[in-house]
Participant: 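One structure, pasted below without further comment.
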Amino acid sequence: MSTELESTRRALRDAIAQAEHAAELARLLEAAQSRLAGAESDAEEARALAERLAETEERLEAERAAAEKLRKELAEQRYQAEVANWKLSSIKVARWNRLGDAIKSGKNNPVRLAKGLKGAAKPVKRPSAPKRAPVAGGRRAKDERPGAAFQATTSIRKLDGASFRLKPFRVPTGPNTRPHLTAAVIADPHAEALLRYEWRQTTGFTPRDFARVLPLEVPHLLVVESVTRGPWAEEIVGEPGDGLRALLAWCAERGIRTVFWHTQGDIADYAAAAELFEHRFSTHAAEGWRRLSFGVQPRVHNPLPLAGGRVDRVLTLDQLLPGHLTYPDVLTSYRWPAAVDCPPGTPQWRLAEIAACGTPIGDEPDSRRAHAALRRAYATGTMTERVDDLLEAIGLPSHRATLDISVLLPVLDRSLLEHALAQVARQSATVSQLVVFGPPESELRARDVLPGVDVVFRDLDPGLSAGAMLDRGLDLCESDLVSVMDPRDVYGPHYLSDLSRAFLFSTADIVGKAAFYAHLRKPQATLLKQPDAEYSYLPEVAGATLLARRGVLRELGFADLTEGWDAVLMRQCRADGVKVFSADRFGYVRVRDEDRWLLGAAHLVEYGSAEPHALI
């Protein structure tokens with residue numbers, strides 16, 4: 001009996017304990033449900049706050065973009081005003097304007113006229129052109145000229161345990177070939193370097209921030225290379241990523257043309273992403289894709305030498321380009337060796353870039369072979385021509401400056417007419433206009449020898465010097481560039497095309513030759529003048545090799561002299577700060593019966609013809 005009672009009491013105690021535990025659990029559950037409801041309320045409030053924050057950030061970005069646009073427009077207006085003032089100042093100090101003022105003020109007073117003309121003849125330093133400054137106050141207020149943040153970082157090269165310190169090649173900043181066109185570009189450093197001078201280029205945006213970066217300057221087109229690294233690589237390899245889809249949708253909403261450019265890797269890896277683009281190009285033949293191969297970029301692939309010159313060694317390609325180099329460092333290495341021995345199978349674009357930098361390709365240095373290879377590299381096509389093709393294919397205009405040529409040809413000796421016209425006719429570069437001073441038969445002969453060229457003829461005036469004739473002929477020239485050719489001399493077929501190429505990579509207004517071959521008929525001697533003067537900015541070049549921008553040459557004018565007009569012109573260039581650039585030694589031979597000055601100032605090459613040495 002007592003045992004059963006004890007069992008009952010124990011059971012009741014257990015039941016009471018379980019009931020109390022259940023009640024506690026119920027209270028805990030109720031409290032948890034209350035906290036959950038509070039959390040849901042807090043989460044809803046947080047979502048509402050996040051939406052309001054996102055809206056506020058969008059409005060803030062819109063305000064920032066509008067402010068940035070206004071700052072840029074204001075800066076551009078100020079710059080244009082400075083340009084207008086600079087042009088006005090330049091006109092005021094121009095020699096022809098000062099001469100006009102002197103003639104006008106002294107027309108009734110001979111003494112005042114003489115003083116005015118004397119003062120107008122004195123050189124006056126032209127005002128410096130204004131430069132665009134970074135936009136103040138903007139978060140992106142930095143130097144965004146092409147190449148400004150794209151410079152070499154490595155100055156040490158090692159060969160066989162020896163270290164060599166180089167002065168790195170300075171990647172040039174600007175100008176753009178098409179400043180009216182803006183492109184958003186996703187590319188590896190190599191392709192980016194080829195494209196950066198062809199338009200105003202926006203880079204560095206990512207899948208996260210493109211919607212914030214690109215509206216600052218809405219591009220006309222988007223170019224995406226088959227990149228192998230960086231934030232966009234995983235977006236375009238295999239299945240297209242959400243970031244790429246969002247970028248292309250953003251471009252579609254704004255009518256921005258989209259281009260995919262396959263340059264590396266298996267094309268199948270990029271096929272799915274490429275299908276989302278309006279236009280597809282490939283450096284290699286691909287079914288249904290247009291061909292767009294690499295071309296040399298004259299702004300960085302050119303024969304401008306390193307400050308310290310070349311090392312006297314022939315390098316293998318592996319020695320020239322160790323794997324750790326950035327692309328700006330590669331551009332330094334291209335210019336360093338005496339020659340590069342490239343193995344079979346080296347990509348053609350790599351060979352073209354090395355050749356375009358003036359470096360001989362082979363197992364020994366050879367300047368003639370190097371010059372011919374440079375010419376072939378440019379003949380295969382520059383990036384400017386490649387971008388012309390791209391823009392034409394996608395339906396965008398490719399307006400850019402051209403380098404058409406007018407030739408000034410004073411033929412003072414009737415016996416030299418046929419030779420002189422033949423020198424112009426043999427040029428591979430397109431001559432759009434010939435201004436010839438000569439005997440009466442010169443006009444018909446010029447039209448026969450040069451069909452399709454605009455021939456402007458003027459009779460010889462015995463009272464005019466050669467310089468005066470050139471000055472009159474300059475007023476008749478209509479092309480961007482003006483060449484002066486001497487009917488006594490020999491000009492190779494690539495003379496003008498080689499010389500005009502310098503305008504693609506130099507900042508000079510006048511190009512010519514300070515290094516050149518000469519032939520003296522009486523001693524039958526071939527001479528080489530200043531062989532170290534190639535590809536450099538110098539105080540003067542030979543007048544018979546002059547190729548200049550028409551506007552600059554018209555402002556300088558020609559001295560009223562038959563002999564020495566070129567020396568006066570070079571002095572005027574130095575006084576006015578006009579840059580003069582000496583190109584290569586090839587393609588031209590100065591021919592005289594005898595010349596004591598040349599005999600004392602040039603190296604004797606051999607006794608015999610100069611053309612095998614000069615003409616390539």
Participant: One pair to check against side chain to side chain contact (heavy atoms under 4.5 Å, CB included): Tyr495 and Val589. What are the steps and the verdict?
Facilitator: CA-CA 10 Å; Tyr495 164 76; Val589 180; over 6 Å; no
Participant: Return the set of residues passing salt bridge (Lys or Arg N to Asp or Glu O under 4.0 Å) with Asp160 (not counting sequence neighbours), or none when no residue passes.
Facilitator: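 Per chain and number, Asp160 pairs via salt bridge (Lys or Arg N to Asp or Glu O under 4.0 Å) with Arg313.
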Participant: Considering only residues two or more places apart or on different chains, which pairs with a residue in residues 398-445 satisfy ring pair (Phe, Tyr, Trp, His ring centres under 6.0 Å)?
Facilitator: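 The answer is none; no pair qualifies.
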Participant: Test of understanding: with salt bridge (Lys or Arg N to Asp or Glu O under 4.0 Å), list the residues that count as partners of Glu563, not counting sequence neighbours.
Facilitator: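 Salt bridge (Lys or Arg N to Asp or Glu O under 4.0 Å) check on Glu563 returns nothing, list empty.
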Participant: Could you name each residue pair satisfying side-chain hydrogen bond (donor to acceptor under 3.5 Å, both in side chains) that touches residues 400-409, not counting sequence neighbours?
Facilitator: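 Those involving residues 400-409 are Asp388-Arg400, Thr402-Asp480, Ser406-Gln433, Ser406-Ser479.
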Participant: Contact between Ile354 and Leu320 at the side-chain level, heavy atoms closer than 4.5 Å - yes or no?
Facilitator: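 Result yes, sub-4.5 Å side-chain heavy-atom pair found.
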Participant: CG of Leu464 to CG of Asp459: how many Å apart, nearest 0.5 Å?
Facilitator: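 If I round to the nearest 0.5 Å, the distance is 11.5 Å.
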Participant: Please lay out, stage by stage, how Asp489 and Arg592 fare under the test side chain to side chain contact (heavy atoms under 4.5 Å, CB included).
Facilitator: CA-CA 8 Å; Asp489 297 337; Arg592 300 291 183 270; 2.7 Å; yes
Participant: Kindly indicate, with the supporting measurements, whether the criterion side chain to side chain contact (heavy atoms under 4.5 Å, CB included) is fulfilled by Glu443 and Val436.
Facilitator: CA-CA 8 Å; Glu443 181 174 13; Val436 56; 6.0 Å; no
Participant: For Arg369, is the CZ atom crowded, meaning more than 12 foreign heavy atoms sit under 6.0 Å from it?
Facilitator: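 Yes, CZ of Arg369 has more than 12 neighbouring heavy atoms, counting only those of other groups under 6.0 Å.
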Participant: Under 3.5 Å, is there a donor-acceptor pair between the Asp413 and Ser415 side chains?
Facilitator: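 The answer is yes; a qualifying pair exists.
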Participant: Kindly compute the distance separating CG (Leu496) from OG (Ser428), expressed to the nearest 0.5 Å.
Facilitator: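 These two atoms lie 8.0 Å from each other.
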Participant: What pairs meet the salt bridge (charged side-chain N to carboxylate O under 4.0 Å, His left out) rule with one or both residues in residues 535-549, with sequence neighbours excluded?
Facilitator: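 Only Asp509-Arg549, Glu540-Arg574 qualify under salt bridge (charged side-chain N to carboxylate O under 4.0 Å, His left out).
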Participant: Got a sec: does the CG of Asp312 have more than 12 other heavy atoms crowding it under 6.0 Å?
Facilitator: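 Open.
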Participant: Stepwise, does the side chain to side chain contact (heavy atoms under 4.5 Å, CB included) test hold for His494 with Leu615?
Facilitator: CA-CA 9 Å; His494 301 288; Leu615 307 188; over 6 Å; no
Participant: Listed by chain and number, what are the side chain to side chain donor-acceptor pair (under 3.5 Å) partners of Gln524, not counting sequence neighbours?
Facilitator: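 Counting only residues at least two positions away or on another chain, Gln524 forms no side chain to side chain donor-acceptor pair (under 3.5 Å).
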Participant: What residues, two or more places apart in sequence or in another chain, satisfy salt bridge (Lys or Arg N to Asp or Glu O under 4.0 Å) together with Glu385?
Facilitator: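 For Glu385, no residue satisfies salt bridge (Lys or Arg N to Asp or Glu O under 4.0 Å) once neighbours in sequence are set aside.
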Participant: To the closest 0.5 Å, what do you measure between CZ (Phe558) and CE (Met469)?
Facilitator: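 Rounded to the nearest 0.5 Å, the CZ-CE separation comes out at 12.0 Å.
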Participant: To the closest 0.5 Å, what do you measure between CG (Leu504) and CG (Leu403)?
Facilitator: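 Reported value, rounded in 0.5 Å steps: 6.0 Å.
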Participant: Under a 3.5 Å distance rule, please check whether Lys513 uses its side chain to pair with a backbone N or O of Asp584 as donor and acceptor.
Facilitator: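 Yes; judged by distance alone, with no hydrogens or angles, the pair exists.
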Participant: With rounding to the nearest 0.5 Å, note down the distance linking CG in Leu470 to CG in Asp560.
Facilitator: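 Interatomic distance, Leu470 CG to Asp560 CG, rounded to 0.5 Å: 10.5 Å.
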Participant: Take atom CD in Glu606; do more than 12 heavy atoms of anything else shown fall under 6.0 Å from it?
Facilitator: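 It does: Glu606 CD has more than 12 such atoms within range.
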Participant: Name all pairs fulfilling the side-chain hydrogen bond (donor to acceptor under 3.5 Å, both in side chains) condition that reach into residues 352-365, sequence neighbours left out, sorted by first residue then second.
Facilitator: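 Matches after skipping sequence neighbours: His190-Glu353, Arg310-Thr359, Tyr327-Glu353, Tyr334-Glu353.
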Participant: Can you measure from CG (Leu553) to CG (Leu547) and round to the nearest 0.5 angstrom?
Facilitator: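 Output value for this atom pair is 9.5 Å.
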Participant: Answer yes or no: is there a donor N or O on one side and an acceptor on the other, between the side chain of Asp566 and the main chain of Ala542, under 3.5 Å?
Facilitator: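 Absent.
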Participant: Might you confirm whether atom CZ of Arg521 has over 12 heavy atoms from other residues, nucleotides or ligands at distances under 6.0 Å?
Facilitator: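 For Arg521, atom CZ is crowded (more than 12 foreign heavy atoms under 6.0 Å).
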Participant: Any idea which heavy atoms bring Val541 and Ala514 closest together, and the distance?
Facilitator: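 Taking every non-hydrogen atom into account, CG1-N, 4.0 Å.
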Participant: Counting distance only, does the side-chain N/O of Ser293 pair as donor-acceptor with the main-chain N or O of Thr283 below 3.5 Å?
Facilitator: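 No: the side chain of Ser293 does not pair with the backbone of Thr283.
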Participant: Let me see the working for Arg386 and Glu198 under salt bridge (Lys or Arg N to Asp or Glu O under 4.0 Å), right down to the final yes or no.
Facilitator: CA-CA 10 Å; Arg386 299 284 193 265; Glu198 299 304 324; over 6 Å; no
Participant: Suppose the criterion is ring pair (Phe, Tyr, Trp, His ring centres under 6.0 Å): which pairs have a residue in residues 509-532, not counting sequence neighbours?
Facilitator: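 Qualifying pairs, neighbours excluded: Phe516-Tyr588.
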Participant: Please enumerate all residues that pass salt bridge (Lys or Arg N to Asp or Glu O under 4.0 Å) together with Asp498, with sequence neighbours excluded.
Facilitator: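 Counting only residues at least two positions away or on another chain, Asp498 forms a salt bridge (Lys or Arg N to Asp or Glu O under 4.0 Å) with Arg375, Arg501.
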Participant: Only pairs at least two apart or in different chains count here, so list each salt bridge (charged side-chain N to carboxylate O under 4.0 Å, His left out) that has a residue in residues 594-603.
Facilitator: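 For residues 594-603, and leaving out neighbouring residues, the salt bridge (charged side-chain N to carboxylate O under 4.0 Å, His left out) pairs sorted by first residue read Lys522-Glu594, Arg590-Asp595.
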Participant: Partners of Phe586 by ring pair (Phe, Tyr, Trp, His ring centres under 6.0 Å), sequence neighbours excluded?
Facilitator: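 Here the qualifying residues are His371.
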